[in-house]
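Below is one structure; the comments refer to it alone.
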Amino acid sequence: YTPQFCSSSFLAACSKATVSVLKSVDLQSVWVLQGWTFGYDSFWNRANVAAYLQDIKSADIVVLDMFAEVNPTWNRTDSFAKKPFIWTVVNNFGGNTLINGNILKTLEGLTLAEQQSNHLVGFGFMPEGIYQNTILLDAMMQYSLMTNSSLVVPHDFYKKWKSKISLDRYGNMYSGNLVEKVVDKLYSGPSKGSFPNSCIINRQPALNISFDPSSIIKDNIDILSNYIELVYKNKTSTVSDVFVYDFSSVIQNYAELIFHQSYKELITAYFANRANKVKQCVLLMIDVIDMLDRIFSFIPSRCLNSYCKEAEHFAVFTEDDPNKLIRDLKLQLTTWGYEDEVLDYAFKMWSGLLENYYKPRWEIFFKFILSSLNDGKPFDYDSYKIHVSMVERRFILDGDCGACSLWDDKNIFSVVQLVEQLVRASMNNNCTV
């Protein structure tokens, strides 16, 4: 809640009361305040931020300048009224899974805070994004190891880091500048962050889904081709977990772009009453989901089944109901509750979820689209919402977690063959822009 009108003394009293409550429980407690409280409401100008925070002792508070790689708040609030703050990256809201971020701009933003504020006490990553975009995190952590990063020119560090990143990540599979290409083409775009529901596959289908890709299909095809060449070149080599993770990240990025392109064509064809084109798009979109589900079934970290089994094992130690823990897992990944509280906020592009949750939702949507065209009637949104909600509830309560293969280095060739099928299918449908 942000007050519309209040006095400076009232703001000061509010913050003092917060600290007082914390100290009543633990005299050594420190108030960790999320700084974006002040970043998205015009009420919080410098004067009001100062009134709210200036009387708090610096030893009693630390402010997290969250999402600072895109929208820093320290530079608009006099370093949070001269209080200690941590410059914080939130690269993926909800822990969602597309490649995202601008590495150089992120390094530049941190350096600027180091150079211009005497109140920066550290930097870090928020838990929502720690399992995605590890190449960006790699750069940030190596940057932090510099003796005095505030004196380092970000561009110079970036250039040196990028020149050896392929060798660092892939070791004996190293081949040329593969990861450098990934950085140049997929981690160098506008640094605008990845907000919830930034994918298409994982969203509840509708006629008006917006999506602003951070890369283009052609660049992703080029990079996929490089990964495939590297796999065939190193037939006898052990495939590292890092390589598999990076490869699968590029695969899902490509699949999402193909799906988005097909979705745009489907919606255009629907409003133009072109039923055959709609059916063509539907077939490709279903193929994308099916192939992606099969690809990720070979990669345990991309399988819902792996996490369901972890829940079952955890239940043994906690003497809890494993079915309840699995249901809670599904709730977090899908509706966040039984009332669609934050629908698909923490979506994951995992095998099992793709086949048993996202695909059935799209199939319901396609059914209503084709019915609308065949009957010459408007899209029945109210009836559609009832049916798609039933699909969501059914999955949460008793949906299959899917299968998951034990990883074997030979699996990488199965993955490559499926990726090649996916690329051929997309190119046959002219999804190459």
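Along the sequence shown, residues carry numbers from 1.
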Do the ring centers of [X] and [Y] come within less than 6.0 Å of each other?
X    : Y    : result
F243 : Y227 : yes
F379 : F365 : yes
Y52  : W44  : yes

ask   = Step by step, would you call K185 with D222 a salt bridge (charged side-chain N to carboxylate O under 4.0 Å, His left out)?
value = CA-CA 10 Å; K185 293 187 177 182; D222 292 343; 3.5 Å; yes
query = If you draw the axis of the six-membered ring of F38, does the NZ or CZ of R46 fall within 45° of it and under 6.0 Å from the ring centre?
reply =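 No cation-pi geometry.
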Measuring from atom [atom1] of [X] to atom [atom2] of [Y], what distance do you get when rounded to the nearest 0.5 angstrom?
X    : Y    : atom1 : atom2 : value
M285 : I201 : CE    : CD1   : 8.5 Å
T334 : L329 : OG1   : CG    : 9.0 Å
L33  : F80  : CG    : CZ    : 8.0 Å

With a 4.0 Å cut-off, would you call [X] and [Y] a salt bridge?
X    : Y    : result
D78  : K82  : yes
D246 : R169 : yes
E69  : K105 : no
D321 : R327 : no
R294 : D290 : no

ask   = With side chains defined as the heavy atoms from C-beta onward, is the minimum distance between N411 and I299 less than 4.5 Å?
value =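 No; the side chains remain at least 4.5 Å from each other.
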message = Are the side chains of F395 and R361 in contact, using a 4.5 Å heavy-atom criterion?
response =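 Not in contact.
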query = Mind checking what makes side chain to side chain donor-acceptor pair (under 3.5 Å) contact with S7, not counting sequence neighbours?
reply =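 S7: side chain to side chain donor-acceptor pair (under 3.5 Å) contacts with S9.
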ask   = Would S249 and R302 count as a side chain to side chain donor-acceptor pair (under 3.5 Å) if you check the C-alpha gap in whole Å, the side-chain angles of each, and the deciding distance to 0.1 Å?
value = CA-CA 10 Å; S249 295; R302 303 282 190 183; 3.0 Å; yes
Take atom [atom1] in [X]; do more than 12 heavy atoms of anything else shown fall under 6.0 Å from it?
X    : atom1 : answer
D241 : CG    : no
Y232 : OH    : yes
F314 : CZ    : no
K23  : NZ    : yes

query = Given the rule in the side chain to side chain contact (heavy atoms under 4.5 Å, CB included) test, do N102 and L104 qualify, once you have shown the distances and angles that lead to the verdict?
reply = CA-CA 6 Å; N102 185 306; L104 181 56; 3.9 Å; yes
query = Just checking, is any N or O donor in the side chain of D293 or Y358 under 3.5 Å from an acceptor N or O on the other one?
reply =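 Not at all, the side chains of D293 and Y358 share no donor-acceptor pair under 3.5 Å.
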ask   = Should W350 and S297 be marked as a side chain to side chain contact (heavy atoms under 4.5 Å, CB included) after you check the CA-CA gap, both sets of side-chain angles, and the distance that decides it?
value = CA-CA 8 Å; W350 289 347; S297 72; over 6 Å; no
Steps toward side chain to side chain donor-acceptor pair (under 3.5 Å) verdict (D344, N202) = CA-CA 7 Å; D344 300 315; N202 312 76; over 6 Å; no
request  = Apply the test side chain to side chain contact (heavy atoms under 4.5 Å, CB included) to residues H119 and W74: give CA-CA distance (whole Å), side-chain angles for both, the deciding distance (0.1 Å), then the verdict.
outcome  = CA-CA 9 Å; H119 304 281; W74 68 270; over 6 Å; no
key: Trace of the salt bridge (charged side-chain N to carboxylate O under 4.0 Å, His left out) decision for K324 with D328   = CA-CA 6 Å; K324 176 183 178 298; D328 289 345; 3.0 Å; yes
